Number of protein chains: 2
Amino acid sequence: MTTRLDAFDLHILKIVQANNLATHRAIAEEVNLSTPAVARRLQRMRSEGVIWKDVSIVRPEEVGNRMTIIVNVAVESEAIEQLDAVKHRFFRCPQIQQCYYVTGEADFVLIMSVKDMTEYEALTRSLFFEAGNVKHFYTAVAMHRVKVSMEIPVGKDA
Amino acid sequence: MTTRLDAFDLHILKIVQANNLATHRAIAEEVNLSTPAVARRLQRMRSEGVIWKDVSIVRPEEVGNRMTIIVNVAVESEAIEQLDAVKHRFFRCPQIQQCYYVTGEADFVLIMSVKDMTEYEALTRSLFFEAGNVKHFYTAVAMHRVKVSMEIPVGKDA
DNA sequence: CGTGAAAAATGTTTCGG
DNA sequence: CCGAAACATTTTTCACG
């Protein structure tokens with residue numbers, strides 16, 4: 001929060017969070033600004049890290065990665081060293097899309113994208129059993145991805 | 001999976017999943033193809049829905065001190081009607097970024113982005129208590145977002 | 001289907017307010 | 001810091017292998 005964002009910035013963010021391929025002209029028209037103004041603001045927000053990434057999102061079904069699995073993991077030791085080791089292991093696994101370190105009964109929540117249960121089972125072995133420091137884990141299979149987004153509410157509903 | 005994707009397509013997907021602002025020329029160079037070839041493949045994958053969205057991802061910290069909260073929700077009735085009502089309610093809530101309908105003890109897993117605990121508490125009231133059909137819910141606060149991505153493994157690790 | 005060179009559109013830079 | 005016009009890219013189109 002080192003940066004101050006005005007109403008124009010927030011409006012632009014709202015747009016590019018939904019579609020970052022929108023042309024500067026189209027954005028400029030919607031927010032009532034000139035093309036270079038929009039370009040400057042986008043460039044600033046990208047260099048300052050307000051916008052931290054620009055990505056395409058693909059449908060899992062289309063590339064053969066079919067199942068989404070949500071795993072709650074509890075660790076044995078919460079010593080910093082051990083915890084960092086676990087975090088790194090999770091971070092480096094491509095099938096783990098998201099990993100949150102959380103309060104409460106579980107220590108980690110993982111969101112994974114795997115091809116099938118066979119692949120998942122193999123991963124549980126290498127990630128949870130063999131690697132150590134995992135007390136127990138609870139697996140939930142996603143039957144329906146009701147909503148999948150990275151959008152952050154800005155403006156009126158923020 | 002109506003479409004067949006060749007090695008070039010997968011390679012391109014890998015790139016744009018990390019950065020969809022990469023120029024066609026840069027992509028072409030990396031995958032050893034001509035610029036228009038890359039353009040055609042991208043256009044095809046977008047029209048066919050393999051690439052289903054192109055978005056900017058913003059840092060939550062930069063748009064107001066935001067917290068990520070993971071909620072497990074169990075419903076009373078799993079009748080289709082009631083379930084759809086709940087899904088729609090969750091889908092329409094801007095603070096709910098992700099919603100999965102899952103097997104197991106909980107019925108839904110929600111990933112929420114809220115400004116503070118006050119906002120979260122207000123949402124729990126309107127989403128869980130007043131709206132009905134929610135048996136119980138379990139709240140976990142994310143202390144650290146270890147990994148946050150929508151990337152799907154393609155190619156060698158898929 | 002992929003390639004390479006033209007046209008159209010987009011993004012960027014330079015200025016003066 | 002914004003906006004208008006010149007400038008440089010990129011994207012697209014098209015004829016051809």
Side-chain angles (χ1 to χ4, degrees), chain A residues 1-59 61-64 150-152 154-156 158, chain B residues 1-59 61-64 150-152 154-156 158:
Chain A
M1 225 203 334
T2 78
T3 323
R4 210 96 222 103
L5 301 172
D6 63 13
F8 285 119
D9 293 323
L10 294 179
H11 197 166
I12 292 171
L13 279 183
K14 183 154 199 156
I15 296 170
V16 295
Q17 277 193 115
N19 173 24
N20 76 333
L21 263 39
T23 65
H24 293 170
R25 178 158 19 177
I27 299 172
E29 214 165 284
E30 181 154 347
V31 305
N32 290 317
L33 233 54
S34 72
T35 309
V38 171
R40 270 195 295 265
R41 284 163 182 273
L42 278 172
Q43 185 180 329
R44 195 191 68 220
M45 291 196 283
R46 290 202 167 101
S47 74
E48 287 176 351
V50 176
I51 296 175
W52 97 284
K53 239 177 168 193
D54 290 272
V55 301
S56 296
I57 297 176
V58 327
R59 289 199 142 96
E61 318 88 86
E62 304 282 347
V63 293
M150 286 276 139
E151 281 184 52
I152 289 167
V154 291
K156 52 180 199 288
Chain B
M1 221 178 4
T2 76
T3 323
R4 210 93 221 104
L5 302 172
D6 63 14
F8 287 118
D9 292 322
L10 294 179
H11 198 165
I12 292 171
L13 280 183
K14 183 153 200 156
I15 295 171
V16 295
Q17 278 193 115
N19 173 25
N20 76 334
L21 263 39
T23 66
H24 293 169
R25 174 153 41 173
I27 298 172
E29 213 165 283
E30 181 153 347
V31 304
N32 291 316
L33 233 54
S34 71
T35 307
V38 171
R40 267 197 299 269
R41 284 164 183 272
L42 278 172
Q43 186 178 325
R44 195 189 65 220
M45 291 194 284
R46 290 202 166 101
S47 74
E48 287 176 350
V50 177
I51 295 175
W52 102 284
K53 236 175 171 199
D54 290 272
V55 301
S56 296
I57 296 177
V58 328
R59 290 197 140 97
E61 317 88 86
E62 303 284 346
V63 292
M150 286 277 139
E151 282 185 52
I152 288 166
V154 292
K156 55 178 203 292

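Here is the naming used below: chain letters follow the sequence lines, and residue numbers restart at 1 for every chain. Since the model is a prediction, treat every value here as computed from it, not as a measurement.
- Within the 4.5 Å cutoff, no side-chain heavy atoms of Met150(B) are placed close to those of Val55(A).
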Once each nucleotide of nucleotides 12-17 of chain D is scored for protein heavy atoms under 4.0 Å, what B/S/- sequence comes out, 5' to 3'?
SB----
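- The nearest whole Å value for the distance from the CD1 atom in Ile12(A) to the P atom in dG11(C) is 13 Å.
- Following rounding to the nearest Å, Leu33(A) (CG) and dC1(D) (P) show an atom-to-atom distance of 12 Å.
- With respect to the salt-bridge test (charged N to carboxylate O, under 4.0 angstrom), the residues Glu30(A) and Lys14(A) do not qualify.
- Taking atom CG on Asp54(A) and atom C1' on dG11(C), their separation rounds to 15 Å, with Å as the unit.
- Rounded to whole Å, the distance from CZ on Arg41(A) to C1' on dG11(C) is 18 Å.
- In this structure the side chain of Arg59(A) never reaches within 4.5 angstrom of the side chain of Val50(B), judged on heavy atoms.
- Annotation: side chain of Ile15(A) is in contact with side chain of Val31(A) (closest heavy-atom distance under 4.5 Å).
- Looking only at atom types and distance, the side chain of Asn19(A) has no donor-acceptor partner in the side chain of Asp54(B) under 3.5 Å away.
- Leu21(B) is listed as a side-chain neighbour of Arg46(A), based on a closest heavy-atom distance under 4.5 Å.
- Atom CG in Leu42(A) sits roughly 10 Å away from atom P in dG11(C) (whole-Å rounding).
- Taking atom CZ on Arg25(B) and atom P on dT3(C), their separation rounds to 16 Å, with Å as the unit.
- Atom CG in Leu21(A) sits about 13 Å away from atom C1' in dG11(C), given to the nearest Å.
- Looking only at side-chain heavy atoms (C-beta outward), Ile57(B) and Ile51(A) stay at 4.5 Å or farther from each other.
- Set against dT10(D), dT10(C), dT3(C), the side chain of Thr23(B) has dT10(D) as its closest nucleotide.
- Between Leu42(B) and Val38(B) the shortest side-chain heavy-atom distance falls below 4.5 Å.
- Checked for salt-bridge contact, Arg41(B) and Asp6(B) meet the test: a charged N lies under 4.0 Å from a carboxylate O.
- Glu29(B) places its CD atom 14 Å from the P atom of dT3(C), with the value rounded to the nearest Å.
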Tell me, what's DNA chain C's dot-bracket, Watson-Crick or G-U with both distances under 3.5 Å, | for other-strand, [ ] crossing?
||||||.||||.|||||
